[in-house]
Novice: 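Submitted below is the structure of interest, expressed as structure tokens.
We name chains A, B, ... by the order of the sequence lines, and we start the count at 1 in each one.
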Number of protein chains: 2
Amino acid sequence: MTDDRTGDQLLQMLSALANPHRLRILAALRSRESYVSELARELGIGRPLLHMHLQVLEKAGLVVGRHEISEDGKALRFFSVTDFDERLTPERVSDATKTLSADSEPTGKAKR
Amino acid sequence: MTDDRTGDQLLQMLSALANPHRLRILAALRSRESYVSELARELGIGRPLLHMHLQVLEKAGLVVGRHEISEDGKALRFFSVTDFDERLTPERVSDATKTLSADSEPTGKAKR
DNA sequence: ATCACGTGTCAGCATGCTCTGACAGGTAAA
DNA sequence: TTTACCTGTCAGAGCATGCTGACACGTGAT
């Protein structure tokens with residue numbers, strides 16, 4: 001079965017997925033959960049950057065983070081992927097546009 | 001059945017869909033095909049802008065354009081949506097990353 | 001010729017997204 | 001205390017996108 005997000009939520013999900021780094025992050029977290037610093041090393045990207053990408057993914061509901069304390073007392077931030085399921089078809093897109101809120105309208109009404 | 005694009009193609013599709021205007025364009029074309037100028041009026045956006053969005057959608061294979069001659073001799077550019085079908089799940093994303101080409105790697109190897 | 005309507009493209013501004021280096025704070029072990 | 005990890009955030013640079021007005025070209029009707 002497929003999820004039932006609103007147009008805005010779907011758009012947010014698509015925006016989150018439209019980036020190679022974020023796709024790789026999801027793939028990496030799927031094979032095994034891990035915390036920020038470790039993930040950054042594994043993917044070879046900067047920690048601040050990864051941190052930002054994780055926020056985007058989390059806001060889109062594609063990933064969830066939790067706090068965990070390692071044996072030696074470090075406060076680690078673990079992330080794991082949610083099991084999202086969205087089907088992309090012309091029909092789904094049409095449906096989504098019905099619940100698309102204020103977004104386009106370049107500048108006001110735009111009557112050209 | 002779901003499509004079988006490579007990671008790069010999926011990424012291109014996601015990027016194309018990650019925009020409210022383009023979602024609306026697809027929805028509009030689904031209810032009825034039309035040509036650029038008419039579509040622009042219907043959606044209330046500029047023609048050059050719509051032209052650009054249509055190019056993005058076409059390159060992603062979500063829409064196809066063809067030339068047609070109206071009764072009064074005008075060369076019209078008609079567009080129609082393809083019936084794409086892509087399922088978004090953690091597994092699909094993992095698969096896609098296997099066929100993701102040169103993209104990330106911020107600057108060279110990036111060993112941090 | 002001029003008007004009305006269609007096509008496509010370009011320069012340039014504005015906005016948003018990406019990315020890095022630096023800073024601040026915290027715990028545990030040497 | 002110093003070292004070595006971890007967490008988070010910010011400013012600023014750089015690059016990609018979005019968007020508009022103007023230009024060029026074509027056809028049929030007035």
Side-chain angles (χ1 to χ4, degrees), chain A residues 11-25 33-60 65-79 102-112, chain B residues 8 11-25 33-60 65-79 100 102-112:
Chain A
L11 186 57
Q12 187 173 34
M13 177 185 186
L14 291 169
S15 299
L17 291 175
N19 176 295
H21 277 169
R22 293 197 280 267
L23 291 183
R24 290 219 178 77
I25 292 173
E33 308 187 344
S34 67
Y35 55 95
V36 188
S37 290
E38 188 180 66
L39 230 196
R41 282 190 293 269
E42 181 182 337
L43 296 175
I45 68 180
R47 195 172 52 77
L49 179 57
L50 174 62
H51 188 271
M52 171 215 267
H53 284 313
L54 283 171
Q55 279 191 318
V56 175
L57 288 171
E58 188 167 39
K59 285 182 182 172
R66 65 175 183 286
H67 285 293
E68 212 163 285
I69 306 297
S70 64
E71 300 179 9
D72 59 332
K74 308 275 178 61
L76 307 182
R77 188 99 225 260
F78 267 80
F79 279 92
D103 31 19
S104 52
E105 303 304 324
T107 42
K109 226 62 271 253
K111 61 319 192 71
R112 98 188 45 271
Chain B
D8 292 325
L11 185 57
Q12 187 173 33
M13 177 185 185
L14 291 169
S15 300
L17 291 174
N19 176 294
H21 276 169
R22 292 197 281 265
L23 290 182
R24 290 220 178 77
I25 292 172
E33 308 185 344
S34 66
Y35 55 96
V36 188
S37 291
E38 188 181 65
L39 230 195
R41 281 189 294 268
E42 181 182 335
L43 297 175
I45 68 180
R47 194 171 53 78
L49 180 55
L50 173 61
H51 189 271
M52 171 213 267
H53 284 312
L54 284 172
Q55 278 190 317
V56 174
L57 289 172
E58 188 168 38
K59 284 181 182 172
R66 65 175 182 287
H67 286 294
E68 212 162 285
I69 306 298
S70 65
E71 300 178 10
D72 59 333
K74 308 276 178 58
L76 307 181
R77 188 98 224 262
F78 268 79
F79 279 93
L100 257 189
D103 32 20
S104 53
E105 301 303 326
T107 42
K109 226 57 281 239
K111 59 320 190 68
R112 93 188 50 269

Novice: Determine the minimum heavy-atom distance between A/Ala60 and A/Ala16, stating which atoms define it.
Specialist: CB-CB, 3.7 Å
Novice: With respect to the phosphate group of C/dG6, does any side-chain polar atom (N or O) of B/Arg41 fall under 4.0 Å of OP1 or OP2?
Specialist: yes
Novice: Using whole Å, report how far CD of A/Glu58 lies from P of D/dT7.
Specialist: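 In whole Å, D/dT7 P and A/Glu58 CD are 14 Å from each other.
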Novice: What closest approach, in Å, do A/Ala40 and A/Arg47 show between heavy atoms, and which atom pair accounts for it?
Specialist: CB-CA, 4.2 Å
Novice: Take A/Ala18 and A/Glu71, find for each the nucleotide of DNA chain C with the closest heavy atom, and name the residue whose nucleotide sits nearer the 5' end.
Specialist: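 Per heavy-atom nearest nucleotide, the more 5' residue is A/Ala18.
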Novice: Give the rounded distance in Å between these two atoms: CD of A/Glu38 and C1' of D/dC6.
Specialist: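 My rounded result for the distance is 12 Å.
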Novice: Specify the separation, in whole Å, of atom CG of B/Leu50 and atom C1' of D/dG21.
Specialist: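 To the nearest whole Å, that distance equals 16 Å.
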Novice: To the nearest Å, how far apart are B/Leu76 CG and D/dG28 P?
Specialist: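 Atom-to-atom, B/Leu76 to D/dG28, this comes out as 13 Å.
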Novice: Would you compute the distance between atom CD1 of B/Ile45 and atom CZ of B/Arg24 and round it to the nearest 0.5 angstrom?
Specialist: 10.0 Å
Novice: Show the nearest heavy-atom pair for residues A/Leu11 and B/Asn19, with the distance to one decimal.
Specialist: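 Shortest heavy-atom contact: CD1-N, 3.4 Å.
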Novice: Could you state the atom-to-atom distance from CG of A/Leu54 to P of C/dC19 in whole Å?
Specialist: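 To the nearest whole Å, that distance equals 13 Å.
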Novice: As a test of reading the structure: which of C/dC19, C/dT7, D/dG18 is closest to the side chain of A/Leu49, going by heavy atoms?
Specialist: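 Nearest listed nucleotide: C/dC19.
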Novice: Picking from D/dC6, C/dC19, C/dT7, which would you name as closest to the side chain of B/Arg77?
Specialist: C/dT7
Novice: Expressed as a whole number of angstroms, how long is the span from B/Glu68:CD to C/dG6:C1'?
Specialist: 13 Å
Novice: Does D/dC6 have its OP1 or OP2 closer than 4.0 Å to a side-chain nitrogen or oxygen of A/Ser70?
Specialist: no
Novice: B/Asn19 side chain N/O closer than 4.0 Å to the phosphate oxygens (OP1, OP2) of D/dG18?
Specialist: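 Yes, such a contact exists.
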Novice: Using a strict threshold of under 4.0 Å (side-chain N to carboxylate O), is an ion pair present between A/Glu38 and A/Arg77?
Specialist: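 Salt bridge flag = no for A/Glu38 with A/Arg77.
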Novice: Give the minimum heavy-atom separation between B/Ile25 and B/Leu39, together with the two atoms involved.
Specialist: CG2-CD1, 4.2 Å
Novice: Could you write nucleotides 22-27 of chain C as a row of B, S and -, 5' to 3', where a protein heavy atom under 4.0 Å of any base atom gives B, of only sugar-phosphate atoms gives S, and otherwise -?
Specialist: B----B
Novice: Using the rule given for side chain to side chain contact (heavy atoms under 4.5 Å, CB included), can you reason through B/Phe78 versus B/Val36, listing the C-alpha separation, both sets of side-chain angles and the distance that settles it, and then say yes or no?
Specialist: CA-CA 7 Å; B/Phe78 268 79; B/Val36 188; over 6 Å; no
Novice: Give the rounded distance in Å between these two atoms: CG of B/Leu17 and C1' of D/dT17.
Specialist: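 Atom-to-atom, B/Leu17 to D/dT17, this comes out as 16 Å.
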Novice: To the nearest angstrom, how far is B/Arg24 atom CZ from D/dC19 atom P?
Specialist: 11 Å
Novice: Does D/dC6 have OP1 or OP2 under 4.0 Å away from a side-chain N or O of A/His67?
Specialist: no
Novice: Examine C/dT7: is either OP1 or OP2 under 4.0 Å from a nitrogen or oxygen in the side chain of B/Tyr35? Give yes or no.
Specialist: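 B/Tyr35 to C/dT7 OP1/OP2: no side-chain N or O under 4.0 Å.
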Novice: Look at the side chain of A/Met52 and decide which nucleotide, out of D/dG8, C/dG8, C/dC19, has an atom nearest to it.
Specialist: C/dC19
Novice: Indicate whether OP1 or OP2 belonging to D/dC19 is found under 4.0 Å from a side-chain N or O atom of B/His51.
Specialist: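 Result: no.
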Novice: Which of these nucleotides, C/dC19, D/dT9, D/dC6, is closest to any side-chain atom of A/His53?
Specialist: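 Out of C/dC19, D/dT9, D/dC6, the nucleotide with an atom closest to A/His53's side chain is C/dC19.
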Novice: Taking 4.0 angstrom as the limit, do B/Arg66 and B/Glu33 come out as a salt bridge?
Specialist: yes
